[in-house]
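Okay, so here's the structure we're looking at.
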Number of protein chains: 2
Amino acid sequence: MSGPSTPARPTMSDVAAAAGVSLKTVSRVVNAEGYVSTDTVAAVKAAIEQLGFRRNDAARQLRQGTAATIGLIFEDQSDPFYSTLARAVEDVALAHGSLLLIASSNGDPAHSQTIVDAFTSRGVDGLIVAPAAGTEPGLLQREAAAGRAIVFVDRPVPGVDADTVLADNVGGAAAATAHLVANGHRRIAFFGDDPGVFTATERLAGYSRALREAGLEPDDRLVRLAAPTADGLDDVIGGVLDQTDPPTALITGNNRWSIRMLRHLKAHASRAPLAFVGFDDFELADVLDPAVTVVAQAPAEMGRIAAELLFRRVGGAEEPIECIRIPPRLIVRGSGELPGPALA
Amino acid sequence: MSGPSTPARPTMSDVAAAAGVSLKTVSRVVNAEGYVSTDTVAAVKAAIEQLGFRRNDAARQLRQGTAATIGLIFEDQSDPFYSTLARAVEDVALAHGSLLLIASSNGDPAHSQTIVDAFTSRGVDGLIVAPAAGTEPGLLQREAAAGRAIVFVDRPVPGVDADTVLADNVGGAAAATAHLVANGHRRIAFFGDDPGVFTATERLAGYSRALREAGLEPDDRLVRLAAPTADGLDDVIGGVLDQTDPPTALITGNNRWSIRMLRHLKAHASRAPLAFVGFDDFELADVLDPAVTVVAQAPAEMGRIAAELLFRRVGGAEEPIECIRIPPRLIVRGSGELPGPALA
DNA sequence: ATGAAAGCGCTAACAT
DNA sequence: ATGTTAGCGCTTTCAT
């Protein structure tokens with residue numbers, strides 16, 4: 001007699017009793033298996049409606065072994081790059097009748113592992129993971145080997161046999177760099193994420209390659225790799241931009257860095273303007289003055305492709321592992337076209 | 001003999017057999033129930049490790065009736081307002097050992113209903129919902145009455161007995177309007193979401209109230225309500241801003257509208273500058289020139305509070321239904337302080 | 001401290 | 001077209 005008595009949820013037996021049929025017939029109707037007479041279907045549906053029956057998917061999952069659910073793991077689900085990607089995954093999942101579990105790893109491999117465990121305990125049919133830097137292959141490879149569908153996005157985990165969808169980071173960063181060179185710049189700075197982060201390293205490599213291809217000497221004094229959320233970045237940036245023989249252009253290695261940089265540049269507006277190309281597009285890049293030239297990734301496309309790969313595997317496809325590179329696209333908006341000394 | 005033979009996932013019986021104990025003892029160890037000798041614990045843990053056992057939560061859920069999962073339903077999980085809110089919910093859920101199912105309603109009440117069904121079939125312990133405009137109370141009230149924990153955020157559903165976390169939309173919009181009046185503006189335009197959207201109507205009411213309190217006559221020619229994603233908004237906006245006796249200031253009713261407006265203003269820069277206050281903060285508002293004055297909501301706080309309310313209910317709390325209003329905060333950045341005619 | 005048996009609500013397999 | 005039976009892997013209950 002304590003609390004408001006919550007009416008117990010009706011089960012298929014309750015519906016069966018109400019409709020005067022057997023349990024299995026209710027199951028047939030609920031799952032639209034067919035081979036049930038029109039009258040019976042109507043009677044069962046009426047009983048379902050009247051009792052407010054909803055199938056208990058835990059029981060279904062226990063029996064069938066499928067959760068109709070996939071798990072997403074990102075560093076931070078509120079990062080616009082990942083939330084856009086997640087949305088695209090959701091649309092594909094919906095078409096496959098699947099739901100989405102989402103969790104943020106905070107870039108912590110240990111926590112990431114906890115999430116993988118929690119997801120697999122729940123029997124997710126597959127995982128789409130942007131792995132945290134430093135993720136060991138062990139657990140994931142075990143899952144992959146046990147037949148769990150896994151697709152990596154944005155970053156791979158070497159040692160895990162799983163499909164992977166990556167941006168062409170080297171090519172994109174090289175294109176950004178070449179673009180600045182073509183606009184007359186010779187001293188181009190690069191600000192990227194922590195060197196442990198796969199994309200940061202690849203993008204730095206693309207930058208260096210393009211410099212060399214342009215006959216320019218990479219200069220350590222123009223490169224800084226640090227988490228864009230770190231403290232003291234104003235000093236880090238200032239140390240590069242205010243040195244003797246300073247850069248006349250710069251590249252930021254991801255959207256967090258672009259935004260951090262724009263904030264810095266606004267706070268230090270007395271400095272001579274620098275040409276600026278960001279890796280990854282971001283909202284309002286086109287509205288700023290000058291509008292920000294970017295190498296746009298295609299997060300929605302990456303999400304869609306990753307999800308399609310995943311559901312192919314969930315469906316039992318045995319094709320060889322794929323690694324798909326999505327080419328980024330240079331979007332010229334103004335900030336990257338300020339002429340450098342060689343054109344001045 | 002088709003495909004790579006996927007090793008069957010080990011169960012508790014397998015672990016029990018390997019460790020030479022009974023099924024129940026394994027269960028005790030896995031769930032840290034205690035009353036197991038140190039040696040036995042060690043033996044069981046070794047077997048778990050060796051076999052790579054993970055508890056099957058579908059079976060657990062079937063028996064216990066709890067999924068350790070909550071469901072989130074938003075219009076669009078990639079909207080920064082909602083993705084920030086979702087992230088805050090996630091942090092609270094994590095502390096309660098719960099995972100997050102997320103789905104986007106696209107503002108469609110029918111699809112929203114499908115999602116609620118899918119979530120409840122899966123036995124979620126609770127729902128956090130930003131309901132689509134036009135949501136009927138029926139299904140949700142049935143769930144609430146059946147004891148499912150529900151918390152509404154951003155918008156209520158009248159007729160459903162559930163806790164609700166809302167912004168003080170009227171107060172916030174009134175503050176934005178009063179701020180512009182105090183800066184000398186007399187003709188202030190308002191661009192908000194569709195009139196079916198709860199927040200749009202409340203914010204419009206706050207705007208009108210503040211005008212009247214300032215002794216100003218609300219003027220229909222200065223107000224437009226439309227989805228910020230609609231086509232042809234440039235004409236809608238132009239129709240207001242380019243009329244005879246045009247406004248000298250404007251308010252946008254949500255972050256999507258703010259961004260839409262900034263894009264329009266940039267494309268029509270020849271027009272005399274208008275004072276501008278946005279409802280809801282957005283990234284880079286501080287970096288634009290002029291920086292955009294906003295009435296900032298607190299999506300993370302709203303998410304945290306909603307989640308805390310939810311888990312209180314999941315835990316069985318029987319307190320009366322609460323409706324919490326979170327006061328927004330005016331952040332003065334420049335765009336809202338351009339002096340109007342009364343101060344010129 | 002440990003174990004045996006029953007059963008959660010559903011679907012698979014097999015009748016009829 | 002419909003029904004019966006067994007059992008998915010776990011937790012609950014009750015012994016010992």
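Residue numbers start from 1 in every chain, and the chains themselves are labelled A, B, ... in the order their sequence lines are given, proteins ahead of strands.
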Check your understanding: Side-chain donor-acceptor pair under 3.5 Å between D76(B) and S78(B), yes or no?
Key -> yes

Exercise for review: Would you mind reporting whether L127(B) and V151(B) have side-chain heavy atoms less than 4.5 Å apart?
Suggested key: no

Check your understanding: Under 4.0 Å: is that the gap between some side-chain N or O of S37(A) and OP1 or OP2 of dA1(D)?
Key -> no

Point to revise | Residues which pass side-chain contact (heavy atoms from CB on, under 4.5 Å) with A149(A), listed by chain and number, not counting sequence neighbours | key: L310(A), R313(A), V314(A)

Review point. Ignoring hydrogens and geometry, is there a side-chain-to-backbone donor-acceptor pair from R312(B) to A317(B) under 3.5 Å?
Key: no

Review point. When you check the phosphate oxygens OP1 and OP2 of dG3(D), does a side-chain N or O of S22(A) lie under 4.0 Å from one of them?
Key: yes

Revision key, fill the gap. Under a 4.0 Å heavy-atom criterion, DNA chain C is touched by chain B from dA1(C) to dG9(C)

Check your understanding: With a 3.5 Å cut-off and no angle check, do the side chains of N56(A) and R122(B) form a donor-acceptor pair?
Key -> no

Practice item. Estimate the overall bend of the helix from dA1(C)-dT16(D) to dT16(C)-dA1(D) from the end axes over five pairs each, rounded to 10 degrees. Key: 30°

Practice item. Go through the structure and list residues passing side-chain contact (heavy atoms from CB on, under 4.5 Å) with L139(A), not counting sequence neighbours. Key: Q113(A), V116(A), D117(A), R54(B)

Check your understanding: Just checking, is any N or O donor in the side chain of N106(B) or S104(B) under 3.5 Å from an acceptor N or O on the other one?
Key -> no

Practice item. Could I get the full list of side-chain contact (heavy atoms from CB on, under 4.5 Å) partners for Q50(B), not counting sequence neighbours? Key: none

Review point. For the pair made of CG in D39(A) and C1' in dA1(D), what is the distance, rounded to whole Å?
Key: 12 Å

Practice item. Provide, to the nearest angstrom, the distance between the CZ atom belonging to R28(B) and the C1' atom belonging to dA15(D). Key: 11 Å

Review point. Given atom CZ of R122(A) and atom P of dG9(D), what is their separation to the nearest angstrom?
Key: 18 Å

Point to revise | Nearest heavy-atom neighbours spanning S105(A) and A132(A) | key: OG-CB, 4.1 Å

Study note, to complete from the structure: For P137(B) and P158(B) the tightest heavy-atom approach is CB-O, 3.6 Å

Practice item. Name the residue closer to the 5' end of DNA chain C, choosing between K24(A) and G34(B) according to the nucleotide with the nearest heavy atom. Key: G34(B)

Check your understanding: Can you check whether G303(B)'s main-chain N or O pairs, donor with acceptor, with R87(B)'s side chain at less than 3.5 Å?
Key -> no

**Study point:** Position toward the 5' end of DNA chain C (nearest nucleotide), P10(A) or V41(B)
**Key:** V41(B)

Practice item. Residues of residues 46-71 of chain A with any non-hydrogen atom less than 4.0 angstrom from an atom of DNA chain D: list those, numerically ordered, please. Key: L62(A), R63(A)

